[in-house]
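Residue numbers start from 1 in every chain, and the chains themselves are labelled A, B, ... in the order their sequence lines are given, proteins ahead of strands.
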Amino acid sequence: MNQELNRETIEQAYRYMLTARKLDERLAQLYRAGDIFGGVFLGKGQEALSVSVGMALRKGDIYAPLIRDGAGRLAFGETVLDALRNCLGSPLGPMRARDGNVHRGRPREGCMAMISHLGASISVVNGALMAKRMKGESGFMGAACIGEGATSTGAFHEALNQAAIEKLPLLLVVANNQYAYSTPTTMQFACKKLTDKAVGYGVTAHEVDGTDLESCWNTLQSAARKAREGEGPQLIVAELLRLCGHGEHDDAHYVTDDMKQSNVGKDCMELARTLMTSQHGFSDQELQEWETSTQKDINHSISIVKQEGGPDPYTHSWNPLATRELNEQANGIAK
Amino acid sequence: MSITYLEAIREAQAYLLKNDPRVYIYGQDVGAFGGAFKATKNLATEFPGRVIDAPISEDAMIGSAVGAAIEGLRPIIEVQFADFSTVGFNQMVNQAATLFWRTEVPCPITLRLPSGGTSGGGPFHSQCLESIYAHFPGLIVCTPATVEDAYSMLIESVTLDDPVVFCEHKYLYFHLKAKSLPQEALPIGKARIAREGRDMTIVTYSAMVHECLEAAKEMAQDGIQIEVVDLRTVKPIDTDTIIASVARTGRLLCVAEEWPWGGVNAEVISRVVAEGFNLLDAPPQRINAKDTPIPYHPRLWSVHRPTAQSIIAASRHLLRI
Ligand SMILES: Cc1ncc(C[n+]2csc(CCOP(=O)(O)OP(=O)(O)O)c2C)c(N)n1
């Protein structure tokens with residue numbers, strides 16, 4: 001059953017998008033203030049797609065978000081505290097300061113913790129889905145998110161082919177944000193459209209305007225239904241534009257003005273806001289209040305996380321193995 | 001009754017499939033065909049749905065194993081030849097090896113690598129890759145040299161909550177036989193004294209254990225007693241057993257079939273020198289395969305890897321005799 005984008009669901013979706021956008025803005029500020037170790041990678045412009053993926057998933061499903069999926073993560077159950085703790089290096093975060101920024105997850109709860117290697121998480125989702133099938137579960141689904149750049153990896157090819165052979169209930173969501181870091185799509189693939197690739201793998205493809213919440217919602221709902229009903233992997237390609245640098249260190253000077261003014265350059269948040277007020281009867285004042293309270297909640301969380309400090313390298317456990325006695329440290333080296 | 005090294009691997013997998021519903025096997029041609037070496041012969045019939053043919057996609061094979069492990073299963077991945085595991089290297093060393101450390105979710109997967117040279121194998125069906133895997137934190141690397149260890153260490157590998165690279169030696173598959181399967185075994189991480197001796201220590205593992213034992217036997221005819229330590233596991237290395245042996249003999253030769261640069265031999269010598277320098281009566285020595293790709297022709301291959309004869313020559317050099 002497709003879930004409708006009605007007054008209730010759009011409010012939820014919009015609130016996740018808003019929280020993700022506001023969180024991103026604060027992370028950018030913290031980065032510039034020097035409060036963040038390492039990089040900051042934002043999802044500005046991709047919230048509509050991301051939230052539609054997150055809300056198409058249910059508890060018990062598998063989700064492998066990527067760099068620009070703050071909104072989807074929230075929809076799948078991540079807390080703002082988890083996100084902030086990871087970005088600010090709190091030992092109380094999901095990765096306990098061992099990994100940072102977007103490299104976070106709670107695999108036990110179905111949210112995979114991405115490694116940096118692009119394309120590598122797709123087959124991990126496949127494996128989790130295969131396992132669920134072997135365990136006799138039913139009705140589940142998985143979603144793996146990537147950018148168009150990752151479609152050029154061998155891992156993408158192997159995993160999509162594997163999912164097709166195994167007829168897995170996988171949504172492979174490609175956010176074609178027109179640039180992979182600075183590389184334009186012309187230097188990334190030579191097919192006319194990325195959905196053309198689906199034919200070669202024998203999977204169903206869906207193309208969607210990634211700036212439009214309603215289109216994203218409907219596409220993801222219908223792809224999810226197909227996947228859950230046993231129709232195999234669904235390749236979803238959303239056209240949109242990254243409305244920020246690759247990371248906050250990047251001024252994105254290579255994004256052309258033409259691109260910014262084209263259809264993909266529209267801001268999904270603004271479009272969603274219009275949808276909320278014109279179609280679903282929300283008032284500007286209401287939306288303004290949400291914005292203020294969201295901001296306040298995020299600031300409150302930041303103050304909590306800042307007090308948590310960083311990890312202690314001296315009391316930290318440096319064991320990479322679950323089998324304690326087999327760690328090399330326990331075995332006479334690098335004491 | 002006698003059982004080969006390869007049959008022991010099959011039996012270990014049959015045991016695991018029978019006793020642990022979380023175990024499944026995934027690899028190219030492992031299903032109805034029974035695997036390129038027949039290590040999974042009949043298992044697909046005995047355990048329907050749990051011995052699964054994979055596409056030629058080592059990256060996706062290993063990546064999916066990580067996902068299944070997160071879901072609580074215990075996959076065994078058979079790579080057709082160790083050499084092809086480089087295609088899935090990233091998933092093993094970056095995805096599997098880091099999972100527990102990053103997320104506290106264990107990653108119990110076993111990567112079976114048919115390793116090492118056989119006559120005529122050539123550059124891409126002969127490699128020993130234990131050291132490149134051992135380099136990465138978060139992996140356990142097993143290199144069984146006996147039928148008994150092939151059996152018991154494979155069972156233990158799958159039981160462990162960590163990713164294991166299981167380097168099984170193709171040269172031993174058919175050559176090596178035992179009377180029966182073991183009832184008990186040393187644990188992973190513990191080395192074994194394969195032969196006792198007082199004059200020098202050879203530290204080795206996998207197929208080279210047998211070349212070393214042959215060399216030791218020949219040397220014994222001249223009254224030289226060589227102690228042979230079979231590492232069994234190259235990560236972690238059982239440094240204590242090595243140092244204890246060197247303390248008894250004062251001399252160390254390391255023998256491995258893999259390439260020399262930065263490998264197990266280098267690691268063992270580095271540890272002995274750092275922790276037991278005073279125990280040494282002579283500079284430690286090592287022999288590896290030659291530092292070239294592995295040659296195809298049997299006559300070239302026969303001198304490419306260490307043999308009993310080259311081990312004897314190195315031992316004589318070490319003993320100044
Ligand atoms: C296998 C691999 N190669 C290179 C990189 C370095 N890298 C990180 S992000 C990125 C660009 C990714 O572009 P895309 O997949 O389109 O996603 P986007 O950043 O546009 O969301 C690159 C090259 C990487 N992470 N992984």
Side-chain angles (χ1 to χ4, degrees), chain A residues 62 64 94-96 98-99 103-108 110 112-117 119-135 137 142 153-166 168 317-323 325-333, chain B residues 21-22 24 26 49-50 52 54-73 75 87-88 90-91 94-95 97-108 136-140 160-163 187-189 233 235-240 243 267 271 274-275:
Chain A
I62 302 292
M95 313 299 277
R96 296 155 298 139
R98 289 178 169 190
D99 209 343
H103 303 97
R104 61 181 192 263
R106 292 193 178 268
R108 283 262 186 266
M112 303 294 139
M114 61 176 277
I115 66 168
S116 291
H117 301 66
S121 59
I122 309 167
S123 62
V124 176
V125 177
N126 288 349
L129 298 175
M130 287 168 74
K132 282 179 176 292
R133 191 167 60 192
M134 278 185 255
K135 290 192 288 183
E137 294 178 26
T153 62
F156 166 88
H157 163 73
E158 288 195 11
L160 183 50
N161 184 57
Q162 179 186 49
I165 291 167
E166 292 289 337
L168 297 174
S317 155
W318 289 98
N319 289 333
L321 295 178
T323 317
E325 65 277 16
L326 290 182
N327 284 295
E328 280 273 16
Q329 275 88 346
N331 198 47
I333 193 174
Chain B
R22 299 169 301 177
Y24 73 96
Y26 191 45
R50 294 170 65 198
I52 307 161
I56 307 172
S57 299
E58 284 75 10
D59 183 288
M61 281 155 57
I62 302 172
S64 67
V66 175
I70 290 169
E71 277 295 308
L73 298 192
V87 179
N90 179 49
Q91 295 287 8
N94 287 314
Q95 195 90 260
T98 65
L99 183 70
F100 174 73
W101 195 76
R102 293 170 75 236
T103 67
E104 288 187 301
V105 175
C107 189
F136 284 83
L139 299 177
I140 292 167
L160 287 177
D161 274 342
D162 288 294
I188 282 175
T233 315
K235 178 110 182 238
I237 292 185
D238 182 357
T239 315
D240 292 349
I243 300 266
E267 184 64 35
R271 291 183 190 207
E275 296 177 38

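Ranked by heavy-atom pairs under 4.5 Å with chain A, the first of B/A97, B/G138, B/C107 is B/G138. The candidate with the highest count of non-hydrogen atom pairs below 4.5 Å against chain B, out of A/S121, A/G127, A/A163, is A/G127. Interface summary for chain A: among B/E104, B/R50, B/M61, the most heavy-atom pairs under 4.5 angstrom belong to B/E104. Annotation: maximal heavy-atom pairing with chain A below 4.5 Å, among B/I52, B/D161, B/N90, occurs at B/N90. Taking A/M130, A/R96, A/R108 one by one and counting their heavy-atom pairs under 4.5 Å with chain B, the maximum is reached by A/R96. Top candidate by heavy-atom pairs under 4.5 Å with chain B, chosen from A/H157, A/M95, A/E166, A/R133, is A/M95. Comparing B/L139, B/V66, B/T103, B/I56 by how many heavy-atom pairs each has under 4.5 Å with chain A, the most go to B/T103. No other option in A/M112, A/R104, A/K132 has as many heavy-atom pairs under 4.5 Å with chain B as A/K132.
Of the atoms belonging to A/M114, it is backbone heavy atoms, and not side-chain ones, that fall under 4.5 Å from chain B. Residue B/Q91 touches chain A through its side chain alone, counting heavy-atom pairs closer than 4.5 Å. For a residue to count as touching a neighbouring chain, one of its non-hydrogen atoms must lie under 4.5 Å from one of that chain's; by this rule A/P94 touches chain B with the backbone only. Neither the backbone nor the side chain of B/I62 comes within contact range of chain A; no heavy atom of the residue lies under 4.5 Å from a heavy atom of that chain. Interface remark: A/I62 contributes side-chain atoms only to the contact with chain B (heavy atom separation under 4.5 Å). Interface remark: B/I70 contributes backbone and side-chain atoms alike to the contact with chain A (heavy atom separation under 4.5 Å). Of the atoms belonging to A/S317, it is backbone heavy atoms, and not side-chain ones, that fall under 4.5 Å from chain B. Contacts of A/I165 with chain B are made by side-chain atoms alone, with heavy-atom separations under 4.5 Å and no backbone atom involved.
Using a 4.5 Å cut-off on side-chain heavy atoms (C-beta onward), B/E71 and A/M134 make no contact.
To the nearest 0.5 Å, atoms CZ (B/F100) and OG1 (A/T323) are separated by 8.5 Å. Taking CD from A/E158 and CD from B/E58, the interatomic distance works out to 6.5 Å, rounded to the nearest 0.5 Å. A/E325 contributes atom CD, which lies 10.5 Å from atom CD1 of B/I188 (distance to the nearest 0.5 angstrom).
Not a single donor-acceptor pair under 3.5 Å links the side chain of B/R102 to the backbone N or O of A/D99. When atom types are taken as modelled, the side chain of A/Q162 and the backbone of B/S57 share no donor-acceptor pair closer than 3.5 angstrom.
Nearest heavy-atom pair across A/I115 and B/T98 is CG2-OG1, 4.3 Å. The shortest non-hydrogen separation linking B/P106 to A/A322 is CB-CB, 4.3 Å. Shown here for B/D162 and A/P320, the closest heavy-atom pair between the two residues is OD1-O, 4.5 Å.
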Handout entry: CA sep, side-chain torsions, deciding dist, call: B/T233, A/L326, side chain to side chain contact (heavy atoms under 4.5 Å, CB included)
Key = CA-CA 10 Å; B/T233 315; A/L326 290 182; over 6 Å; no
